[in-house]
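Letters A, B, ... mirror the listed sequences (proteins, then strands); counts begin at 1.
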Number of protein chains: 2
Amino acid sequence: MFSKACEYGIKAAIFIAINSFEGKRVSPKEIAEEINSPQAFTAKILQALARNNIVYSIKGAHGGFELDKKTIGAIKLAQIVKAIDGDSIYNGCGLGLQKCDENHPCPVHDKFKLVRDELKFMLENTSLEELALDIKAGGSFLKT
Amino acid sequence: MFSKACEYGIKAAIFIAINSFEGKRVSPKEIAEEINSPQAFTAKILQALARNNIVYSIKGAHGGFELDKKTIGAIKLAQIVKAIDGDSIYNGCGLGLQKCDENHPCPVHDKFKLVRDELKFMLENTSLEELALDIKAGGSFLKT
DNA sequence: TTTATTTCGGATATTTTTATCCTATTTATA
DNA sequence: TATAAATAGGATAAAAATATCCGAAATAAA
Ligand code: FES
Ligand code: FES
């Protein structure tokens with residue numbers, strides 16, 4: 001469904017959110033440990049998230065990744081997925097036709113579009129905040 | 001969403017279905033042309049579908065791929081997807097946890113499961129027959 | 001200003017997916 | 001039986017995704 005890079009990106013963002021609520025910055029090393037991902041690869045993904053202004057990176061001593069406590073509620077999964085995997089998951093044809101086109105649909109278009117749109121809606125309406133709070137409450141987990 | 005192999009497999013199966021309605025066998029060459037896929041790679045996928053008893057392959061002169069006209073309505077997309085991509089799309093965790101587990105859910109579990117189950121339902125309830133008929137009626141297309 | 005810390009980013013390596021090539025095997029038919 | 005036509009399948013290649021390594025640049029603090 002999502003690429004590994006995207007899975008790591010989502011989990012990393014959630015972990016950064018959790019820590020930002022407590023005013024803590026986190027390093028790629030900590031993040032990789034918490035989400036059970038390869039550290040250097042995770043660092044690359046964090047760079048991409050930073051370039052897309054989804055998370056903030058502070059270089060140098062006492063640096064790390066963080067995000068603005070006030071905007072955590074406004075950051076939706078859709079932004080992260082789009083930044084890493086692009087938007088083919090929202091617009092692409094389920095059977096790989098060059099473009100998904102109502103006027104030249106593939107055989108599964110109508111049915112696929114329903115599922116795809118529901119996924120899109122879900123991602124656009126799920127915020128980092130709710131996911132982070134659920135973890136803090138012990139209702140869900142980032143690894144194992 | 002699906003692998004290239006799976007996309008090719010679905011389109012190939014639909015094309016074989018269309019031809020089997022007319023009692024015609026088709027070759028990997030014809031199939032690849034009709035679904036706009038690489039021929040040799042498509043042939044590998046056809047072998048996999050044949051090994052899974054989804055399509056039938058007849059070797060030798062006048063051979064080719066076909067399927068039993070009477071069972072086309074019973075073949076669902078889910079079988080093809082499972083044969084080629086496995087069932088991680090039905091059971092796997094959206095964030096890549098080792099297993100999707102109600103008792104140890106990832107942060108998106110509840111929401112993801114809804115989408116995943118809808119996809120599963122769609123694939124399990126869509127037959128090759130309806131897709132093939134739609135194409136014959138000019139309502140959908142296998143390429144471009 | 002020096003040092004320690006930390007992200008950035010280019011280069012490289014590994015693995016998986018996608019794709020191609022070639023020969024063996026099977027089968028209908030002349 | 002000989003031949004041509006067709007799928008099977010192993011070997012290989014190319015491309016993309018995943019992963020690692022290392023030096024450069026930035027920054028806080030001594
Ligand atoms: S054309 Fe294939 S999903 Fe729309
Ligand atoms: S645990 Fe992640 S989707 Fe179920």
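Under 4.0 angstrom from either OP1 or OP2 of D:dA8 there lies at least one side-chain N or O belonging to B:S57.
Among the heavy atoms of the strands lying under 4.0 Å from B:R51 are primed sugar atoms or P, OP1, OP2 only; no base atom is included. Contact annotation for A:Y8: backbone-only contact, meaning every heavy-atom pair under 4.0 Å involves sugar-phosphate atoms and none involves a base. Counting non-hydrogen atoms under 4.0 angstrom, B:V55 reaches nothing in the nucleic acid.
The aromatic rings of B:H104 and A:F141 lie parallel to each other, with less than 30° between the two planes, well short of the 60° mark.
The CD atom of B:E7 sits 14 Å away from the P atom of C:dT17 (whole-angstrom rounding). Atom NZ in A:K24 sits about 15 Å away from atom P in C:dT6, given to the nearest Å. Nucleotide D:dT27 holds its P atom 11 Å from the CZ atom of A:R25, rounded to whole Å. We find that CD1 of B:I84 is positioned 11 Å from P of C:dT18, with the value rounded to whole Å. Note: CG (A:N52) to P (C:dC8) measures 13 Å, nearest angstrom. Taking atom CZ on B:F65 and atom C1' on C:dT26, their separation rounds to 13 Å, with Å as the unit. Atom NZ in A:K44 sits roughly 8 Å away from atom C1' in C:dC8 (whole-Å rounding). Taking atom CD1 on B:I45 and atom C1' on C:dT17, their separation rounds to 11 Å, with Å as the unit.
Between D:dA8, C:dT7, C:dC21, one nucleotide has an atom nearer to the side chain of B:A40 than all others, and that is C:dC21. Distance from the side chain of A:F41 is smallest to D:dT20 among D:dT7, C:dT18, D:dT20. Closest approach to the B:Q47 side chain among D:dG9, D:dC21, D:dA19 is made by D:dG9 (side chain taken as heavy atoms from C-beta onward).
Summary of the strand contacts: B:S27 and A:F2 both lie near DNA chain D, and taking for each the nucleotide with the nearest heavy atom, the more 5' one is attributed to B:S27. If you find the closest nucleotide of DNA chain D to A:P38 and to B:L46, the one lying nearer the 5' end belongs to B:L46.
Without hydrogens or angle criteria, A:R116 side chain to A:Y90 main chain gives a donor-acceptor distance under 3.5 Å. Under a 3.5 Å cut-off, the side chain of A:E30 and the backbone N or O of A:S27 do form a donor-acceptor pair. Judged by distance alone, the side chain of A:S20 and the main-chain N or O of A:L67 form a donor-acceptor pair under 3.5 Å. One N or O on the side chain of A:N125 and one on the backbone of A:F121 form a donor-acceptor pair closer than 3.5 Å. Under the 3.5 Å distance criterion, the side-chain polar atoms of B:T71 are matched with a main-chain donor or acceptor of B:D68. Put simply, the side chain of B:D85 gets close to the backbone of B:S3: a donor and an acceptor are under 3.5 Å apart.
The pair B:E129-B:K69 fails the salt-bridge criterion, with no side-chain N (NZ, NE, NH1 or NH2) lying under 4.0 Å from an Asp/Glu carboxylate O. A salt bridge is defined here as a Lys NZ or Arg NE, NH1 or NH2 lying under 4.0 Å from an Asp or Glu carboxylate O, and B:E33 with B:K29 meets this definition. Using a cut-off of 4.0 Å between Lys/Arg side-chain N and Asp/Glu carboxylate O, A:K136 and A:E22 are scored as salt-bridged. For the pair A:E124 and A:K76, the salt-bridge criterion is not met [side-chain N within less than 4.0 Å of a carboxylate O].
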Close N or O pairs between protein and nucleotides 28-30 of chain D (under 3.5 Å):
{"from": "D:dA28", "atom 1": "O3'", "to": "A:H62", "atom 2": "ND1", "distance (Å)": "3.3"}

Set out, line by line, the N/O atom pairs under 3.5 Å between protein and nucleotides 1-3 of chain D.
none

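Comparing the local axis fitted to the first five base pairs of the helix from C:dT1-D:dA30 to C:dA30-D:dT1 with the one fitted to its last five gives a bend of 0°, rounded to 10°.
Interatomic distance, CD1 of B:I14 versus CD1 of B:I80, reported as 7.0 Å (0.5 Å rounding).
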